[in-house]
Number of protein chains: 2
Amino acid sequence: MALEHAILVALLEQPASGYELARRFDRSIGRFWTASHQQIYRVLKRMETDGWVAAEQVGQEGRPDKRRWSAAPAGRTALADWLRAPVQPEAVRHELAVKIRGAAFADRAGRATLVAEVERYRADHEALLARYLAGERRDFPDAAARDARAALQHVVLRGGIAYERMVLAWLDDVLATLRALDH
Amino acid sequence: MALEHAILVALLEQPASGYELARRFDRSIGRFWTASHQQIYRVLKRMETDGWVAAEQVGQEGRPDKRRWSAAPAGRTALADWLRAPVQPEAVRHELAVKIRGAAFADRAGRATLVAEVERYRADHEALLARYLAGERRDFPDAAARDARAALQHVVLRGGIAYERMVLAWLDDVLATLRALDH
DNA sequence: TCCTGCTATGCAACAAGTTGCATAGGCAAG
DNA sequence: CTTGCCTATGCAACTTGTTGCATAGCAGGA
């Protein structure tokens, strides 16, 4: 029930077409909310019938036309109501942790495969951290925030950075533990 | 597609009824995989028809009978196959981060409500960290692991502890940022 | 020239997860 | 003695998310 609200925040920050939204959900917004383009188009349609967003047809040269969506007053109201509501407890779904506990029931070869997988996974997170840090240098070069929006975007990005650093340290712990099992 | 595998790991660690599984998914397993009892009963049924698990009727005094489930050989094989498969990228869904970026479009009163919500959220995570640390002292009192299973359970728990510590530090950062917006 | 990839939007079928409800006995507090 | 909570299992309806496919023009490389 919160993809609607994530889309509202995204459109308030910057109006966009469904396609552009999908790309932003693959990049900056994807740090805290993922969504496929199919989902975004479907939800945008529902939000339009609810009067939360409105589209404007934009013709383009050498490309298909697009519909630029923005948040409508009813959408702003809905967002304000949702912001006042209690934060729902998160649904945790950490596949890697299941696999690690499952490794107790695998043989030596199975554990070796898992170690390789964890290494690959670690490399992905290292690359993600590097991207976040590059984004931080690019978008927030001075410590003092320019305005409320930038300050809030920056603190969310710092959360992503802290998360990735924590994950990397934990994965090192995991690798050491897995390796110690088979000497 | 991974609730099945989380259940298999849980049953290999300790056979249990659907009800007991649901409680464990509310506690230790819930650290990395959440599931409601309705979901667990439904999936257990499917796993039974697939021959992944088998039940044994257990009569109890003063309580309803229960069905104690254990992992069947086909389930062990399925788990081993899954352990060898690549780790899927996680679907991130962090409602609080959406709300924080959304706070840029709220008024002073709306932001004050959010600050109160973040404080409550922080208290919940502080309590969770305390529970993890108590569980660690209880279940892993000596640094050297007794066996593979304990070592792997412990490293997953350390991940939960690291995560909660990171979240608490970040929430302090968030609170300071939110408060600085309105002096 | 053909093949791949990008922009741009969308439908349909399916899988997974949530919410609400139902049953039913025992046990403890008020 | 009634009300609520715990154990124990489960169905049905609904919402959300995933996978696969379709269309269509343009650009760039093999």
[N] OP1/OP2 closer than 4.0 Å to side-chain N/O of [X]:
{"X": "Tyr19(B)", "N": "dT9(D)", "value": "no"}
{"X": "Ser17(B)", "N": "dT7(D)", "value": "no"}
{"X": "Arg46(A)", "N": "dT15(D)", "value": "no"}
{"X": "Lys45(B)", "N": "dT9(D)", "value": "no"}
{"X": "Arg93(A)", "N": "dG17(C)", "value": "yes"}

Do the ring planes of Trp52(B) and His5(B) sit parallel (below 30°), tilted (30 to 60°) or perpendicular (above 60°)?
tilted
Classify the ring geometry between Trp170(A) and His94(A) as parallel (under 30°), tilted (30 to 60°) or perpendicular (over 60°).
perpendicular
Sorted by position of nearest nucleotide on DNA chain D, 5' first, the leading residue of Trp69(B) and Arg23(B) is Arg23(B)
Select from Ala91(B) and Arg67(B) the residue whose nearest nucleotide in DNA chain D is closer to the 5' end of that strand.
Arg67(B)
Gap separating the OH atom of Tyr41(B) from the OG atom of Ser36(B), nearest 0.5 angstrom:
11.0 Å
Measure the NZ-CZ distance between Lys99(A) and Arg84(B) for me, rounded to the nearest 0.5 Å.
10.5 Å
Can you measure [X] atom [atom1] to [N] atom [atom2] for me and round it to whole angstrom units?
{"X": "Ile7(B)", "N": "dA16(C)", "atom1": "CD1", "atom2": "C1'", "answer": "13 Å"}
{"X": "Gln88(B)", "N": "dG17(D)", "atom1": "CD", "atom2": "C1'", "answer": "14 Å"}
{"X": "Arg68(B)", "N": "dT7(D)", "atom1": "CZ", "atom2": "C1'", "answer": "16 Å"}
{"X": "His37(B)", "N": "dT18(C)", "atom1": "NE2", "atom2": "P", "answer": "13 Å"}
{"X": "Tyr41(A)", "N": "dT7(C)", "atom1": "OH", "atom2": "P", "answer": "11 Å"}
{"X": "Gln39(A)", "N": "dC14(C)", "atom1": "CD", "atom2": "C1'", "answer": "14 Å"}
{"X": "Lys66(B)", "N": "dC6(D)", "atom1": "NZ", "atom2": "P", "answer": "17 Å"}
{"X": "Leu21(B)", "N": "dG10(D)", "atom1": "CG", "atom2": "C1'", "answer": "15 Å"}

Closest to side chain of Gln38(A), choosing from dG20(D), dT18(D), dG10(D):
dG20(D)
Is any side-chain N or O of Arg42(B) under 3.5 Å from a base N or O of dT9(D), one able to act as donor and the other as acceptor?
no
Looking at every heavy atom in both His37(A) and Ala22(A), which two are closest together, and how far apart are they?
CB-CB, 3.7 Å
